[in-house]
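Start at 1 and go down the list; that is how both ligands and their atoms are numbered.
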Amino acid sequence: MSTDRGSCEMVNVLFSAKPASWDEYEAPLHAAFEKACIDAQLGTDLPPEDVDYIVYAPSGPVSDFTPFTKLKAVLSLWAGVETMVDNPTLHVPLCRMVDHGLTESMVEWVTGHVLRYHLGMDRFITAQDGVWRAGSAAPLARDRKVCVLGLGALGSACAQSLVHLKFDVHGWSRSPKAVEGVTCHHGDAGLRDALADADMVALLLPDTPATESVLNAESISFMRRGGFVVNPGRGPLIDDDALLAALDSGQLAHATLDVFRVEPLPKDHPFWAHPKVTVTPHIAAETKAGTASEVIAENIRRGEAGKPFLHLVDRQAGY
Ligand SMILES: NC(=O)c1ccc[n+]([C@@H]2O[C@H](COP(=O)([O-])OP(=O)(O)OC[C@H]3O[C@@H](n4cnc5c(N)ncnc54)[C@H](OP(=O)(O)O)[C@@H]3O)[C@@H](O)[C@H]2O)c1
């Protein structure tokens, strides 16, 4: 983050997210703007023709950007931008959220669930039944292969946390990547090796046409029998029917799912009642107002200085 304190710029910043978020973000945004020397008029109801930047979540009131005639950029509060990339009224740069507070939460969530599976915690937590199960200690982490699909801001941080615990970590991305300690694979041709004999897979891919149902009957079959799935990415990354079939056949032992094709997950969805599925309500990692406000301020500072924005979305790639 820059500490460059040139002359303060005057900009109009519209906050367009769900009303409860305004209470959370108003003070941190003001503080971050002051620190970045940005003289901002910040509000939830500015005349559209005056707005320079929109701090944006799709859950807010704006979906048509046409009236914002002098808009310079849309700064997403969300890491996943699949509902924004196809907006035909959006003709200015779109930046997604990369927030180290959010990243830390995701690392904790993914590492926690991988350790839960590795150590077989459920067996002991749910079975306090008087049976002394001797000889059921877990192998070492180094003897478990964990595959992280997606090696971006979140996937690479999660992969590195698992490397520190000495898991045999493989990762997969669209373009070639180097992440310390991680065996990296890329492209369609790399998926099979990334998943081959994996004991666990964590999905941290964006939702794009190219990633839809990346975990399907065929790709699940590459994993070691009795494997585990952790999905904090997006629901459409998984073919739900294939996942259920693999759980029922024993190809997979259990899945923890934080995201779904339809959210909230409908009450009658088979995931809720399935004994081998843990449903969490899209809580793996939230953007944190304090750290995210600093990212937004830095991007406005860059925009005003004519510098390239951080975390610019490639709208053709969809993320
Ligand atoms: N559940 C939650 O609470 C929560 C919170 C935040 C985010 N999320 C989800 O997490 C996702 C990842 O976030 P991020 O910040 O890590 O995104 P990111 O930095 O954009 O990283 C995306 C990664 O996926 C890879 N990828 C994209 N398309 C691919 C393809 N067709 N084949 C192989 N790899 C592909 C990218 O490859 P390259 O490196 O080659 O570009 C990159 O490594 C978000 O899109 C969002 O859906 C969920």
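For atom 22 (C) of ligand 1, the closest non-hydrogen atom of the protein is Pro206 CD, 3.7 Å. Nearest protein heavy-atom contact of atom 12 (C) of ligand 1 is Leu204 O, 3.5 Å. Protein heavy atom nearest atom 42 (C) of ligand 1, with residue, atom name and distance: Gly152 N, 3.6 Å. Ranking the protein heavy atoms by distance from atom 15 (O) of ligand 1 puts Arg96 NH1, 2.9 Å first. In terms of protein heavy-atom proximity, atom 32 (N) of ligand 1 is nearest to Trp172 CH2, 3.3 Å. At the top of the distance list for atom 9 (C) of ligand 1, counting protein heavy atoms only, stands Gly233 O, 3.5 Å. For atom 36 (C) of ligand 1, the nearest protein heavy atom (residue, atom name, distance) is Tyr319 OH, 3.6 Å. Counting only heavy atoms of the protein, atom 13 (O) of ligand 1 lies nearest to Leu154 CD1, 3.4 Å.
His186 does not count as a contact of ligand 1, since none of its heavy atoms falls under 4.0 Å from the ligand. Look at Thr208 and you'll find every heavy atom at least 4.0 Å from all atoms of ligand 1. Ligand 1 lies less than 4.0 angstrom from a heavy atom belonging to Leu205.
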Does Thr89 form a side chain to side chain donor-acceptor pair (under 3.5 Å) with Thr66? I'd like the steps, not just the answer.
CA-CA 6 Å; Thr89 68; Thr66 314; 4.7 Å; no

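You'll find the side chain of Ile238 stays beyond 4.5 Å of the side chain of Ser213, heavy atoms only.
To the nearest 0.5 angstrom, Cys95 atom SG is 11.0 Å from Glu298 atom CD. Atom-to-atom distance recorded for Trp78:CH2 and Asp99:CG is 15.0 Å, nearest 0.5 angstrom. The distance from atom OG of Ser105 to atom NZ of Lys288, rounded to the nearest 0.5 Å, is 3.0 Å. For the atom pair CZ of Arg225 and OG of Ser249, the computed distance is 5.0 Å after rounding to the nearest 0.5 Å. Atom NE2 of His91 sits about 11.0 Å away from atom CG of Leu71, to the nearest 0.5 Å.
Considering backbone and side-chain atoms alike, Val98 places every N or O at 3.5 Å or more from each N or O of ligand 1. Inclusion of Pro232 in the set of residues having an N or O under 3.5 Å from an N or O of ligand 1 is warranted. Of the N or O atoms in Gly150, none lie within a sub-3.5 Å distance of an N or O in ligand 1. Residue contacts with ligand 1: Glu286 is placed with no nitrogen or oxygen under 3.5 Å of a nitrogen or oxygen of the ligand (distance criterion only).
Shown in contact with Ser175 at under 4.0 Å from a heavy atom are these atoms of ligand 1, numbered in order with element: 38 (P), 40 (O). Close contacts of ligand 1 with Ala79, meaning ligand atoms under 4.0 Å from a residue heavy atom, involve 6 (C), 7 (C). Each of the atoms 31 (N) of ligand 1 lies under 4.0 Å from some heavy atom of Ala210. Below 4.0 Å from some heavy atom of Asp258 lie the following atoms of ligand 1, by number and element: 1 (N), 2 (C), 3 (O).
Contacts between Val259 and ligand 1 below 4.0 angstrom, taking non-hydrogen atoms only, involve the side chain exclusively.
The residues Arg116 and Asp122 are annotated as salt-bridged, a charged nitrogen and a carboxylate oxygen being separated by less than 4.0 angstrom.
Ranked by closest heavy atom to atom 39 (O) of ligand 1, the top entry among Lys177, Arg174, Met106, Met97 is Lys177.
Between Tyr56 and Phe65, the distance from one ring center to the other falls under 6.0 angstrom. In this structure, His118 has its ring center under 6.0 Å from that of Phe167.
The aromatic rings of Tyr25 and Phe15 are tilted relative to each other, their planes meeting at an angle between 30° and 60°.
Under the 3.5 Å distance criterion, with hydrogens and angles disregarded, a donor-acceptor pair is assigned to the side chains of Asn216 and Ser219.
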